[in-house]
Enquirer: 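I have a structure here, written as structure tokens, and I will follow up with some questions on it.
So you know, we letter chains A, B, ... as the sequences are listed, proteins then strands, and number each from 1.
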2 protein chains.
Amino acid sequence: MTIAKHAEAPGAVTGPSQGGDLPRPSPLSPRAAQIVAAARELLEEEGPGALTMRALAERIGIRAPSLYKHFADKAAVEAALIEQGLAEVGTVLYAALDAPEPVVSVLEAYRRAALAAPNMYRLTTSGPLPRHRLAAGLEEWAGTPFFLAAGDPHLAQALWSFAHGMVILELDGRYPEGSDLGRTWSEGARAFTARKAH
Amino acid sequence: MTIAKHAEAPGAVTGPSQGGDLPRPSPLSPRAAQIVAAARELLEEEGPGALTMRALAERIGIRAPSLYKHFADKAAVEAALIEQGLAEVGTVLYAALDAPEPVVSVLEAYRRAALAAPNMYRLTTSGPLPRHRLAAGLEEWAGTPFFLAAGDPHLAQALWSFAHGMVILELDGRYPEGSDLGRTWSEGARAFTARKAH
DNA sequence: CGTCATGGCTAACTATGTTAGCCCCTGGGG
DNA sequence: CCCCAGGGGCTAACATAGTTAGCCATGACG
């Protein structure tokens, strides 16, 4: 996910529009798709540490080396998962744009999506991105809703950073026990909506 | 780092004060301290992947198994690094409080500290924290400046989330090439300072 | 009917964290 | 003076990771 550097008209919906034009993720053979599906189950159900080539192979009833007939290496499997993650979060965010308060709505949708699939979220958004392995335009497409909601590229990046910070710190258990994160989210949302109105 | 749930008076400096009272990090024998120092060099100079027990041992002229005479496991060495990281970032943040615009100043200090030692930053702030291995109070102490700058616990958490999101996304190269992150930072800073003034 | 790509397999290599068990040295008590 | 306890090294070895090499069955197709 990335927010375009759009120097163009701030409010107007310029290039990437409603969300219909999802850049096609890299095509996968049926077998490869099955592997990715299994990888996702493994990741979500048992955490990142459980996503090993041997465990993945076992889940679909083959041996680890056979996986390499379908993917160059483990990172390639992860890249396919990242594409899924970007596509899904993007879809959710575009849908959230159609609301009276898009900034608030996008933030809520972002949090909901992340908490619904925490390990996918972490994989998708943490660490350096293997961009060369991802479908061109996908990353930017997924981030564009922030721009569409904020109306300004810098505010959009700030908004995205806030959202990501909130989510990842929550997932990592970094907030103190009894924190009322709902209030923290709305505090941030208010700060950014106010700022949006110049 | 964590921001206390202070239900008390928002503006007043209540519990943790100026920054003089850094909770003492866990004491280390001289040899252990040397190991941690070497680990830090390894981490900063060659990245997280280079921080292996064998490489660490070699750097101080011993064999890997001997490290276990000083630390229970690799995570214990990392915990010691995390303590260093928290202590250092906290120190910097407390120092930044003494400025006309503490919110802006704390944000700037945070970014500067993170970029100066990116791998330390990542280790310190990413993934679940091994809290039982850390000196009690250290994490909260390091986060308190955000509270002191923001004056309100929820705004403080929002501010911290924004700062962390900005930093980690920058370190991970998630922003598009030509992004003017300076402007994004000040956009966020403005949003939060405005919000601070109710 | 051969042949060749597809997609399995076993065996094995390397790197990593970690454990078991040995040994040397040094310093304090009997 | 000896002894012996423990701190702090060492080698050997194990389990688990990703990954490679090389072999073999199967099925589509000229």
Side-chain angles (χ1 to χ4, degrees), chain A residues 26-83 119 122-123 126-130 132-134, chain B residues 26-83 119-120 122-124 126-130 132-134:
Chain A
S26 324
L28 298 175
S29 75
R31 195 61 159 154
Q34 183 191 2
I35 292 172
V36 172
R40 180 168 187 162
E41 290 173 24
L42 215 46
L43 177 65
E44 283 295 6
E45 292 168 14
E46 309 186 40
L51 182 51
T52 74
M53 295 304 265
R54 284 175 173 83
L56 177 54
E58 189 179 8
R59 179 164 279 237
I60 62 174
I62 63 177
R63 301 309 179 96
S66 303
L67 293 173
Y68 293 83
K69 296 290 165 107
H70 304 276
F71 291 92
D73 50 22
K74 187 184 179 183
V77 180
E78 290 173 340
L81 286 175
I82 291 174
E83 284 194 332
N119 288 315
R122 226 190 294 260
L123 178 67
S126 299
L129 253 201
H132 45 283
R133 304 206 197 222
L134 300 183
Chain B
S26 324
L28 298 175
S29 74
R31 194 61 160 155
Q34 183 192 1
I35 292 173
V36 172
R40 179 167 189 165
E41 290 173 23
L42 217 45
L43 176 65
E44 283 295 6
E45 291 167 14
E46 310 186 40
L51 183 51
T52 74
M53 296 303 266
R54 284 175 173 81
L56 178 53
E58 188 179 9
R59 181 166 277 237
I60 62 174
I62 64 178
R63 303 309 180 93
S66 302
L67 293 173
Y68 293 81
K69 296 291 165 110
H70 303 277
F71 291 92
D73 49 24
K74 189 185 178 183
V77 179
E78 290 173 342
L81 286 176
I82 291 175
E83 284 194 331
N119 288 315
M120 274 294 278
R122 226 189 295 259
L123 178 67
T124 303
S126 300
L129 254 201
H132 44 283
R133 305 204 197 223
L134 301 182

Enquirer: If you compare all heavy atoms of B:Ile60 against all heavy atoms of B:Arg31, which two are closest, and at what distance to 0.1 Å?
Expert: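 Closest approach of B:Ile60 to B:Arg31: O-NH2, 4.2 Å.
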Enquirer: Determine the contact category for B:Leu51: base if any of its heavy atoms lies under 4.0 Å from a base atom, sugar-phosphate if only primed atoms, P, OP1 or OP2 are that close, otherwise nothing.
Expert: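 If one applies the 4.0 Å heavy-atom cut-off, B:Leu51 turns out to touch the sugar-phosphate alone, with no base involved.
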Enquirer: What is the separation between atom CG on B:Leu67 and atom P on C:dG17, rounded to the nearest whole Å?
Expert: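 Taking atom P of C:dG17 as the reference, CG of B:Leu67 is at 10 Å.
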Enquirer: Could you state the interatomic distance from CG (B:Leu81) to OG1 (B:Thr124), rounded to the nearest 0.5 Å?
Expert: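 Here the rounded value is 8.0 Å.
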Enquirer: In whole angstroms, how far is the P atom of D:dG9 from the CZ atom of B:Arg54?
Expert: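 About 17 Å, once rounded to whole Å.
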Enquirer: Minimum heavy-atom separation for A:Met53 and A:Asp73, please, with both atom names.
Expert: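 Shortest heavy-atom contact: CE-C, 4.3 Å.
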Enquirer: Given atom CZ of A:Phe71 and atom P of C:dT6, what is their separation to the nearest angstrom?
Expert: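 Value for this atom pair: 16 Å.
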Enquirer: Between B:Glu58 (CD) and D:dC10 (C1'), how many Å, whole number?
Expert: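 Going from B:Glu58 (CD) to D:dC10 (C1'), I get 15 Å.
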Enquirer: Output the distance between atom CD (A:Glu45) and atom CG (A:Leu51), rounded to the nearest 0.5 Å.
Expert: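 Answer rounded to 0.5 Å: 12.0 Å.
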Enquirer: So, under a plain 3.5 Å distance rule, would you say the side chain of A:Lys69 forms a donor-acceptor pair with the base of C:dG8?
Expert: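 Indeed there is one.
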Enquirer: Can you check the B:Asp73 CG to D:dT16 C1' distance for me, whole Å?
Expert: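 In whole Å, D:dT16 C1' and B:Asp73 CG are 16 Å from each other.
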Enquirer: Given C:dG7, is OP1 or OP2 found less than 4.0 Å from the side-chain N or O atoms of A:Ser66?
Expert: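 No, outside the criterion.
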Enquirer: Of the candidate nucleotides C:dG8, D:dG9, C:dA11, which contains the atom at the shortest distance from the side chain of A:Pro65?
Expert: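 So the side chain of A:Pro65 is nearest to C:dA11.
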Enquirer: Specify the separation, in whole Å, of atom CG of B:Leu56 and atom P of C:dT16.
Expert: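 Interatomic distance, CG of B:Leu56 to P of C:dT16: 12 Å.
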Enquirer: May I ask you to evaluate whether A:Lys74 reaches the phosphate of D:dG18, defined as a side-chain N or O under 4.0 Å from OP1 or OP2?
Expert: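 It does, given that an N or O in the side chain of A:Lys74 lies less than 4.0 Å from OP1 or OP2 of D:dG18.
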Enquirer: Closest heavy-atom contact between A:Leu43 and A:Pro48?
Expert: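 Scanning both residues, the minimum pair turns out to be CD1-CA, 3.7 Å.
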Enquirer: Please state how far atom CG in A:Leu28 lies from atom P in C:dT6, giving the value in whole angstrom units.
Expert: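 To the nearest whole Å, that distance equals 16 Å.
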Enquirer: Is it the case that C:dG7 (base atoms only) and A:Arg31 (side chain only) share a donor and an acceptor within less than 3.5 Å, ignoring hydrogens and angles?
Expert: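 Checked by distance alone, the answer is no.
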Enquirer: Can you figure out which of D:dC10, D:dG18, C:dG17 approaches the side chain of A:Tyr68 most closely?
Expert: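 Selected nucleotide: D:dG18.
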Enquirer: Once you round it to whole Å, what is the distance between C1' of C:dG7 and CD1 of A:Ile62?
Expert: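 So the two atoms are 9 Å apart, to the nearest Å.
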Enquirer: Would you say B:His70 reaches D:dG9's phosphate, i.e. side-chain N/O to OP1/OP2 under 4.0 Å?
Expert: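 Affirmative; the distance criterion is met.
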